[in-house]
Enquirer: 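The following block contains the structure, expressed as structure tokens.
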Amino acid sequence: MPETTSAPLPVICLAGPTGSGKTAAALAMAAALDGEVVNADSRQVYVDFPLITAQPSPEERASCPHHLYGFLPTENKISAGRWAETAVDKVRDILARGKTPLLVGGTGLYFQALLRGMAEIPPVDPQLTAALTTRVDAQGAPALHAELAQADPAYAAKIHPNDRQRIIRALEVCQSTGRPFTWWHSNAMSTPLCVGPLLTLDASLAWLEPRLARRLDLMLAGGALDEARAAMRCCADPAAPGWSGIGCAEALAHLQGRLSLEDCRSLWLRNTRAYAKRQLTWFRARPEAQWLPPDDPDAVVDAACRFWQNARSSYNF
RNA sequence: GGAGGGGUUCCCGAGUGGCCAAAGGGAACAGACUGUAAAUCUGUCGUCGUAAGACUUCGGUGGUUCAAAUCCACCCCCCUCCA
């Protein structure tokens with residue numbers, strides 16, 4: 001079991017809903033603090049979808065070093081825990097070079113994994129996961145939820161009988177470790193891997209809407225459909241992890257003639273908006289989030305500098 | 001002009017006399033979230049009210065009935081086919 005005993009590394013985190021201007025603000029911070037950007041977005045890791053997942057453009061990436069963008073093949077899965085381990089390695093390197101690590105992305109759980117740590121649960125045999133998944137499909141989630149109520153009553157009470165994903169995870173942990181899922185939560189938490197502010201761009205949906213529409217049109221004009229077509233040649237399984245990004249399925253549906261371009265666009269936009277809303281819900285529930293205006297890179301730079309100056313003296317690196 | 005089909009709550013769409021403020025889905029709003037998180041899942045969803053409940057809805061008007069989204073008449077609009 002990987003044991004992280006070293007002190008948490010100082011970082012600056014920049015979060016916010018999709019389309020809120022994180023990339024621009026990140027570049028401003030990088031310039032002001034001699035920083036390097038580390039991706040904290042679960043979809044921007046995929047090589048085959050640079051445009052659809054709105055990864056920073058080559059020009060943007062050229063202005064300072066960027067890490068963990070577009071490195072994973074579509075058929076591969078990454079987890080919050082694995083991402084966090086890789087990200088800390090990057091952070092360590094960046095600090096060693098005397099640069100400022102800037103974690104930028106929209107995946108709330110990833111920030112949590114980094115800033116709060118995760119339960120150190122031994123890896124689960126994928127066969128077990130697969131078996132449980134088959135059973136959920138056959139018997140329905142509530143049946144397995146009932147089983148979970150035996151194995152881990154506390155956790156079962158916390159989640160809904162229909163929440164298949166969480167039921168499977170909890171059950172696989174109980175079965176493979178012989179301890180309740182919640183036992184790990186309360187007895188095996190890792191220490192935080194990093195410390196730093198969670199700067200969060202406060203973009204309302206009303207503010208976001210026209211921007212998301214414009215961004216989507218740019219993606220479409222920039223070859224998003226071609227990107228999906230090409231991705232299909234690399235990985236033809238639409239159920240593969242990389243295909244779960246918003247826009248991927250919509251683009252594919254149009255390419256396969258199941259959706260007109262117009263319907264593809266409006267569905268894509270709607271799903272993007274819904275996603276932004278979910279992100280907002282997540283970040284709103286974080287007491288540590290420091291909310292900043294979405295269209296004001298200077299404010300972000302200010303907040304970042306303030307933290308970083310303190311960090312320099314107190315962490316003494 | 002003739003024959004047929006249809007107009008339902010923001011949208012799609014069930015509902016053919018009472019159990020209907022009206023199935024289901026979508027959207028919207030709110031929320032949960034510890035290794036798939038751009039995922040997974042929940043609640044609300046005509047109006048007023050904490051609630052009990054009251055009130056207003058199913059193209060329009062009028063009627064039948066104890067009771068109508070559902071039956072009848074006329075009218076308006078849409079679609080298909082024949083001329």
Side-chain angles (χ1 to χ4, degrees), chain A residues 1-2 15-19 39-46 49 52-55 72 74-87 105-126 129-130 132-133 136 141-142 145 152 154-155 157-170 172-173 176-177 180-190 192-193 204-206 209 212 216 239-251 263 266-286:
Chain A
M1 202 180 310
T18 186
N39 171 233
D41 189 295
S42 74
R43 297 301 113 175
Q44 295 186 343
V45 298
Y46 288 105
F49 299 101
I52 293 180
T53 63
Q55 296 173 32
L72 200 67
T74 302
E75 59 271 16
N76 287 13
K77 191 161 78 174
I78 187 161
S79 67
R82 265 228 341 267
W83 171 83
E85 285 163 24
T86 335
T107 305
L109 183 63
Y110 283 16
F111 287 111
Q112 181 170 308
L114 208 64
L115 263 19
R116 275 211 227 156
M118 292 193 105
E120 298 188 326
I121 301 172
V124 173
D125 181 1
T129 315
L132 285 167
T133 306
V136 173
H145 184 265
D152 188 344
Y155 193 67
K158 263 176 64 174
I159 62 174
H160 190 95
N162 286 152
D163 198 340
R164 23 178 305 137
Q165 196 166 283
R166 273 182 254 275
I167 292 168
I168 291 171
R169 161 101 270 240
E172 71 182 16
V173 170
S176 85
T177 67
F181 193 39
T182 42
W183 181 90
W184 293 96
H185 295 341
S186 42
N187 298 289
M189 286 302 286
S190 73
L193 302 168
S204 70
L205 288 170
E209 265 159 20
L212 292 176
L216 177 53
W243 274 105
S244 69
I246 288 160
C248 298
E250 293 85 343
D263 290 347
S266 58
L267 182 63
W268 185 334
L269 187 58
R270 235 202 281 141
N271 289 339
T272 308
R273 198 198 106 106
Y275 169 52
K277 186 170 159 51
R278 256 177 284 139
Q279 288 176 298
L280 252 10
T281 300
W282 172 281
F283 291 122
R284 267 198 295 253
R286 309 294 113 197

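In the text below, chain A, chain B and the rest are named by the order of the sequence lines, each starting its count at 1.
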Enquirer: Tell me the partner of rU50(B), counting only Watson-Crick (N1-N3 plus N6-O4 or O6-N4) or G-U wobble (N1-O2 and O6-N3) with both under 3.5 Å; none if nothing fits.
Expert: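 Pairing partner, where one exists within any strand: none, as none qualifies.
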
Enquirer: With both distances kept under 3.5 Å, what pairs with rC29(B), Watson-Crick or G-U wobble?
Expert: rG43(B)

Enquirer: Return the nucleotide paired to rA3(B): Watson-Crick means purine N1 to pyrimidine N3 with N6-O4 or O6-N4, wobble means G-U with N1-O2 and O6-N3, both under 3.5 Å.
Expert: rU80(B)

Enquirer: Now, which nucleotide makes the Watson-Crick or G-U wobble pair with rG62(B), with each of the two distances under 3.5 Å?
Expert: rC72(B)

Enquirer: Quick one: sort the Phe181(A) and Tyr155(A) rings into parallel, tilted or perpendicular, breaks at 30° and 60°.
Expert: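 Ring orientation of Phe181(A) relative to Tyr155(A): perpendicular.
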
Enquirer: If the condition is ring pair (Phe, Tyr, Trp, His ring centres under 6.0 Å), which residues does Trp268(A) pass it with, not counting sequence neighbours?
Expert: none

Enquirer: Check this one for me: any side-chain N or O of Arg278(A) less than 4.0 Å away from OP1 or OP2 of rA37(B)?
Expert: no

Enquirer: What does rU36(B) pair with, Watson-Crick or G-U, if both distances are under 3.5 Å?
Expert: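 rU36(B) is unpaired by these criteria.
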
Enquirer: Per the atom types in the model, does the base of rU40(B) pair as donor or acceptor with the side chain of Arg166(A) at under 3.5 Å?
Expert: yes

Enquirer: Taking atom types as modelled, is there a side-chain donor on Arg43(A) or Ser244(A) under 3.5 Å from an acceptor on the other?
Expert: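 Yes.
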
Enquirer: Please name the nucleotide paired to rG24(B) by Watson-Crick or G-U wobble geometry with both distances under 3.5 Å, or report none.
Expert: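 WC or wobble partner is rC12(B).
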
Enquirer: Output the single nucleotide from rA38(B), rG35(B), rC29(B) whose closest atom is nearest the side chain of Leu205(A).
Expert: rC29(B)

Enquirer: Phe49(A): what forms a ring pair (Phe, Tyr, Trp, His ring centres under 6.0 Å) with it, not counting sequence neighbours?
Expert: Trp243(A)

